[in-house]
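Just so you know, these numbers come straight off a predicted model, no measurement behind them.
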Number of protein chains: 2
Amino acid sequence: MTDQTSQASDDLAPDSRAPEAQANGFATVREARRNELAEDYVELIADLIHQYGEARPVDIAERFGVRAPTVTKTLNRLAREGLITREKYRSVFLTEAGRTLAQECRRRHEIVLRFLIRLGLDPETAERDAEGIEHHVSEQTLALFESYANRP
Amino acid sequence: MTDQTSQASDDLAPDSRAPEAQANGFATVREARRNELAEDYVELIADLIHQYGEARPVDIAERFGVRAPTVTKTLNRLAREGLITREKYRSVFLTEAGRTLAQECRRRHEIVLRFLIRLGLDPETAERDAEGIEHHVSEQTLALFESYANRP
DNA sequence: CCCGATTCTTAGCTAAGGCTAACTTATACA
DNA sequence: TGTATAAGTTAGCCTTAGCTAAGAATCGGG
């Protein structure tokens, strides 16, 4: 197995970072992936409380398009992680940590969404893509998105 | 529980789509999340073959920063799904489907990366963010990214 | 006030994606 | 050519995130 990188005129320039750097990158992505669902949940819970005054599992299930037991299980995890508080058979509340996280998520979501729309995307597609993208943008990227969206 | 949306002057405009539309959005995101790892693998395998002439599990493990048995297991899944072929204790090859997917991924990756760099991001952060973002951009967004990156 | 409908939880299944420990195969070099 | 080392696999564990089926709690209208 010989390294063709050093001598190659690589037409497509595949990822040229050292394996370790690349591994760190994937570690970041894996970490982000692990938090995505929690972030989606707190964001939605904040929205529901804002809209309806409370966040009920049944509404969470409907909005996410999953079944009730899935929601129960995930809410238990979020409670374990200190993002929400709850009592059996009652609706859900955010802890201070949960509220903070929700605000961060909302902020990122807004910036990504406004950016995509400003770029020329239709609002529906923008909303869909923002949902996926928001968990994977660094602060640096976010800053660039924001200034693009705010530009005259 | 009363709907405050209709009468509300919502300062932050939380997601105002109908629950069903929102559920479809999340279904899209969940679907994307399910394919992310497979896409990362075929993309890396293609890179390794391009760089070294073959893709060995040990190198895949190093680049992803995971252990060998994890790679074995995932490769088995990819083989089951028809994206790669392999024989025990040998390196990995892409099927036609795998090669096609790898090309798609590479294309998306390139466009997102060039876009982020063009936007002003430093190359390392751009690479990291691209890894996360590339799985969540629609064709429409990709087209906009591309024309932004290609603009004079 | 109570009974049916709704909501929520529990139990138990699947599959993915991590891990370690232990085993097998391949490789390379003395 | 034999054998130590490197590479790959297997077995078995954990967690997460889905699901269905079935049971428990809550709520509202008579």
Side-chain angles (χ1 to χ4, degrees), chain A residues 1-2 19 23-24 26-42 44-45 48 52-93 131-132 135, chain B residues 1-2 19 23-24 26-42 44-45 48 52-93 131-132 135:
Chain A
M1 173 165 134
T2 47
N24 286 340
F26 279 110
T28 303
V29 174
R30 262 203 312 280
E31 174 67 14
R33 283 176 193 165
R34 219 176 331 132
N35 295 327
E36 282 177 83
L37 200 65
E39 294 183 359
D40 288 341
Y41 266 72
V42 296
L44 176 58
I45 290 166
L48 288 172
Y52 303 115
E54 63 176 347
R56 301 186 311 159
V58 67
D59 295 317
I60 297 172
E62 187 186 23
R63 304 271 189 132
F64 280 140
V66 300
R67 299 296 184 176
T70 303
V71 171
T72 296
K73 220 189 268 189
T74 304
L75 291 178
N76 287 340
R77 173 167 78 87
L78 300 186
R80 201 183 338 124
E81 292 172 356
L83 294 171
I84 63 172
T85 56
R86 62 196 310 248
E87 291 167 61
K88 266 195 179 183
Y89 296 98
R90 306 241 87 110
S91 51
V92 177
F93 300 94
E131 268 158 18
H135 307 285
Chain B
M1 173 168 132
T2 48
N24 286 339
F26 279 111
T28 303
V29 174
R30 262 203 312 281
E31 173 67 14
R33 283 176 192 164
R34 217 171 338 126
N35 296 326
E36 281 177 80
L37 199 65
E39 294 183 359
D40 288 341
Y41 266 71
V42 296
L44 176 58
I45 290 166
L48 288 171
Y52 303 115
E54 64 176 346
R56 301 185 311 160
V58 68
D59 295 317
I60 296 172
E62 186 186 25
R63 304 271 189 131
F64 280 141
V66 299
R67 299 296 185 175
T70 302
V71 172
T72 296
K73 218 190 268 191
T74 304
L75 291 178
N76 287 341
R77 172 167 78 87
L78 299 186
R80 197 178 347 119
E81 292 172 358
L83 294 170
I84 64 173
T85 56
R86 61 197 310 248
E87 291 169 63
K88 266 194 179 184
Y89 298 98
R90 306 243 90 108
S91 51
V92 177
F93 299 93
E131 268 158 19
H135 308 283

| task | Would you please test A/H135 and A/D40 for side chain to side chain contact (heavy atoms under 4.5 Å, CB included) and show each step? | result | CA-CA 9 Å; A/H135 307 285; A/D40 288 341; 2.9 Å; yes
| task | List the steps, then state whether side chain to side chain contact (heavy atoms under 4.5 Å, CB included) holds for A/E131 with B/T28. | result | CA-CA 9 Å; A/E131 268 158 18; B/T28 303; over 6 Å; no
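Comparing C/dA16, D/dT26, D/dT16 by their closest approach to the side chain of A/R90 singles out D/dT26. Closest to the B/L37 side chain, of the nucleotides C/dG18, D/dC27, D/dG8, is C/dG18.
In this structure, A/I84 places its CD1 atom 13 Å from P of C/dC8, rounding to the nearest Å. Residue A/R34 contributes atom CZ, which lies 13 Å from atom C1' of D/dC14 at whole-angstrom precision. Distance, A/R56 CZ to C/dT6 C1': 9 Å, rounded to whole Å. Regarding B/E31, its CD atom lies at a distance of 14 Å from the P atom of C/dA16, rounded to whole Å. The separation between A/E36 atom CD and C/dG17 atom P is 13 Å, rounded to whole Å. Atom CG of B/D40 is separated from atom P of C/dG17 by 10 Å (rounded to the nearest Å). Whole-Å rounding puts the A/N35 CG to D/dT16 P distance at 12 Å. A/R67 places its CZ atom 16 Å from the C1' atom of C/dT9, with the value rounded to the nearest Å.
In this pair, A/F26 and B/F64 present their aromatic rings perpendicular. The plane angle is above 60°, beyond the 30 to 60° band.
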Give me the distances for all protein-to-nucleotides 10-14 of chain C N/O pairs that come in under 3.5 Å?
residue : atom : partner : partner atom : Å
C/dT10  : OP1  : A/K88   : NZ           : 3.0

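A salt bridge links A/R34 with A/E31: the distance from a Lys NZ or Arg NE/NH1/NH2 to an Asp or Glu carboxylate oxygen falls below 4.0 Å.
At the phosphate of C/dG17, OP1 or OP2 sits under 4.0 Å from a side-chain N or O atom of B/R77.
In this structure the side chain of B/V29 reaches within 4.5 angstrom of the side chain of B/R33, judged on heavy atoms. Using a 4.5 Å cut-off on side-chain heavy atoms (C-beta onward), B/R80 and B/R77 make contact. In this structure, the side chains of A/N76 and A/R86 come closer than 4.5 Å at one or more pairs of heavy atoms.
Residue contacts for B/R33: at a heavy-atom cut-off of 4.0 Å it reaches no nucleic acid atom on any strand shown.
With the nearest nucleotide of DNA chain D identified for both A/G65 and B/R86, B/R86 has the one nearer the 5' end.
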